[in-house]
Chemist: 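One structure, pasted below without further comment.
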2 protein chains.
Amino acid sequence: MKMCITTTAVALALAAQVAWAESPRSEPVQPVPVANISQPALAELGKKLFFDPRLSKSGFISCNSCHNLSMGGTDNLKTSIGHNWQQGPINSPTVLNSSLNLAQFWDGRAADLKEQAGGPIANPGEMAFTHELAIGVLQSIPGYVAEFEVVFGKSELDIDMVTDAIAAFEETLVTPHSPFDQWLLGDDDAITEQALAGYQLFKQSGCVACHNGPNLGGTSFQKMGVVEPYRSDSDAIGRAAVTGKDADRFTFKVPTLRNVELTYPYFHDGEAATLEEAVDIMGRLQLGRVYSEQEIGQIVAFLKSLTGEQPRFELPILPPSTNETPAPEPFG
Amino acid sequence: MKMCITTTAVALALAAQVAWAESPRSEPVQPVPVANISQPALAELGKKLFFDPRLSKSGFISCNSCHNLSMGGTDNLKTSIGHNWQQGPINSPTVLNSSLNLAQFWDGRAADLKEQAGGPIANPGEMAFTHELAIGVLQSIPGYVAEFEVVFGKSELDIDMVTDAIAAFEETLVTPHSPFDQWLLGDDDAITEQALAGYQLFKQSGCVACHNGPNLGGTSFQKMGVVEPYRSDSDAIGRAAVTGKDADRFTFKVPTLRNVELTYPYFHDGEAATLEEAVDIMGRLQLGRVYSEQEIGQIVAFLKSLTGEQPRFELPILPPSTNETPAPEPFG
């Protein structure tokens with residue numbers, strides 16, 4: 001008899017779970033989908049490349065240096081450190097869930113992750129290498145050549161293969177199952193009352209007009225400083241650098257709010273050190289609204305419920321260079 | 001019947017294996033012991049700290065930056081890059097199997113891994129922080145404080161606890177089961193004839209006088225340039241910096257040859273780019289012997305048989321900073 005009751009309880013619980021999955025709440029924000037890894041060997045190769053500093057002139061800077069997967073896919077610096085300790089012009093955006101964005105970089109100058117991946121390698125202020133030199137390094141490493149051959153069926157490497165692989169790895173970097181996503185799927189107890197109040201305020205006061213979709217952002221370009229201008233020492237002019245239009249000055253891709261607890265400091269110039277500061281500034285500059293301390297606390301509680309499961313994987317072991325591999329030039 | 005034969009075969013194979021383990025070859029080199037992780041929680045905490053760039057002034061450099069566990073526990077640079085892209089004075093030694101060394105650093109100025117771990121954090125040319133500031137950062141991070149409390153039973157952090165944890169992680173970084181170790185344990189087929197000839201030559205011509213023990217090195221300090229002086233642009237004077245004795249000038253801890261295929265470039269100044277070059281120079285300068293090309297090939301084949309199983313573990317996810325955490329100062 002006891003057995004029957006238990007079974008029934010399990011059945012009810014399962015039914016409830018199915019019900020969530022079938023009828024998520026109808027909201028302007030959707031859960032982060034679990035990664036669908038269609039080409040695991042390609043993604044594994046991309047993981048190695050993502051962690052390989054030999055894609056930089058110095059042999060010291062890898063993708064993971066500024067998009068550190070131990071730290072929310074960012075470097076947690078205002079602006080990044082590039083080759084020869086150059087100060088970057090902009091805050092390094094998180095690589096987590098970046099496949100959900102309409103375009104890449106703050107100004108959207110790359111259409112997708114594949115196009116983005118080639119940028120920093122050849123940027124003189126970042127990895128300071130060239131695509132040709134990077135390919136020369138990889139081509140000299142038998143461990144890589146063999147892996148490229150398995151994945152692509154050819155052993156003559158090119159930058160397209162490299163960026164394909166890095167993008168495939170980055171597509172795996174999603175963070176599902178955050179408390180807020182569990183709430184979205186019907187679990188009333190997944191977030192606190194304070195966080196729920198924060199979400200209601202986030203919707204009612206207009207944040208969600210830009211921070212929407214599964215990534216709570218990444219769906220549009222918007223002007224930084226709508227009601228009041230944003231004052232910054234940053235030289236970044238945003239989307240105008242891509243379109244050439246004055247109307248696009250200080251227009252940036254709306255950043256994701258997923259894992260925002262981990263991706264401090266905030267804004268394209270990294271000038272907001274805390275979530276409280278960022279919410280206060282956004283309210284005043286974008287919405288013309290001064291949030292009370294209590295309201296800021298509610299919105300921040302909501303934002304912290306957006307921290308999902310971080311990607312978990314083994315640190316890759318990189319294939320060694322050979323006598324034929326060009327040496328890095330950190331001080332050259 | 002077939003079943004019985006199979007069982008007998010298995011029994012014989014097992015007996016052979018036991019025989020290896022019980023009677024390893026009697027050689028001046030011994031197998032790397034498998035890690036005995038006596039305090040797993042302490043080592044896990046140490047792994048996080050090893051990967052945490054917040055132990056540096058810039059928030060950009062971690063232990064793993066120069067002792068990269070994707071690349072044989074080194075940075076594969078002649079000399080390392082420190083805070084503000086300063087050029088380090090010496091080649092970064094591998095952290096792999098470093099618990100087997102008689103002392104740490106090229107000049108042995110740290111008695112053990114715990115003492116070593118505090119050095120780079122406070123070295124103005126490396127992580128450029130202070131122990132006090134590093135503790136202030138960690139103390140402001142609840143995720144760390146909770147983990148220190150579990151491990152040490154107290155929530156007031158100090159640098160001793162930090163270096164204890166990093167050393168405990170580093171003690172796990174051993175690389176057993178190399179082909180050569182399998183040969184040492186009795187498997188005649190584990191290395192090639194060329195590698196075996198290289199090992200015989202390595203022993204007969206005197207390399208093993210210094211490169212001995214389980215780490216093929218790390219057991220003594222020796223002068224670099226015994227028969228002929230070593231010409232270098234490096235300012236490093238070696239052990240004399242510790243002892244103050246002229247006799248110790250250019251005397252360095254004998255480096256391990258374990259995983260030497262992965263830890264290029266070679267020597268304290270990183271000036272030997274290839275194993276062939278390193279073997280040639282060692283022969284002439286230390287032994288007064290000019291190895292033939294064939295002999296160098298044999299010794300290099302032996303050296304490549306020393307690559308063991310690299311430590312495999314999940315990339316740690318670091319606990320986030322809080323509003324109270326002092327911000328890094330990469331450009332300050």
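Predicted model, so just to flag it, every value in this text is computed and none were measured. A note on names: the letters A, B, ... follow the listed sequences, proteins ahead of strands, and every chain is numbered from 1.
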Chemist: For B:P265 and B:A273, which heavy atoms make the closest approach, and how far apart are they?
Modeler: CB-CA, 4.2 Å
Chemist: Among B:L262, B:L69, B:I81, B:L275, which has the most heavy-atom pairs under 4.5 Å with chain A?
Modeler: B:I81
Chemist: Please flag which part of A:L77 lies under 4.5 Å from any non-hydrogen atom of chain B: side chain, backbone, both or neither.
Modeler: side chain
Chemist: Which pair of heavy atoms, one from A:P53 and one from A:L318, lies closest together, and at what distance?
Modeler: CD-CD1, 4.2 Å
Chemist: Between B:I61, B:L133, B:V137, B:I121, which is the residue that forms a side chain to side chain contact (heavy atoms under 4.5 Å, CB included) with B:L55?
Modeler: B:I121
Chemist: Select one option (side chain, backbone, both, neither) describing which atoms of B:P328 are under 4.5 Å from chain A's heavy atoms.
Modeler: side chain
Chemist: Can you check whether B:V162 reaches B:L157 side chain to side chain, under 4.5 Å on heavy atoms?
Modeler: no
Chemist: Answer with side chain, backbone, both or neither: which region of A:P311 has an atom nearer than 4.5 Å to a non-hydrogen atom of chain B?
Modeler: backbone
Chemist: Could you tell me whether the side chain of B:L49 reaches within less than 4.5 Å of the side chain of B:L45, counting heavy atoms only?
Modeler: yes
Chemist: Atom CZ of B:F148 and atom CG of B:L138: how far apart are they, to the nearest 0.5 Å?
Modeler: 5.5 Å
Chemist: Kindly indicate whether the side chain of A:F60, heavy atoms from C-beta on, has any atom under 4.5 Å from the side chain of A:P330.
Modeler: no
Chemist: Check every N and O of chain A against chain B and note each donor-acceptor pair under 3.5 Å, with its distance.
Modeler:
residue, atom, partner, partner atom, Å
A:S70, O, B:L318, N, 2.9
A:S70, OG, B:P316, O, 2.8
A:W85, NE1, B:P330, O, 2.9
A:Y264, OH, B:S321, N, 2.9
A:Y264, OH, B:S321, OG, 3.1
A:E276, OE1, B:N323, ND2, 2.9
A:R312, NH1, B:E314, OE1, 3.2
A:F313, O, B:L315, N, 3.0
A:E314, OE1, B:R312, NH1, 3.2
A:L315, N, B:F313, O, 3.0
A:P316, O, B:S70, OG, 2.8
A:L318, N, B:S70, O, 2.9
A:S321, N, B:Y264, OH, 2.9
A:S321, OG, B:Y264, OH, 3.1
A:N323, ND2, B:E276, OE1, 2.9
A:P330, O, B:W85, NE1, 2.9

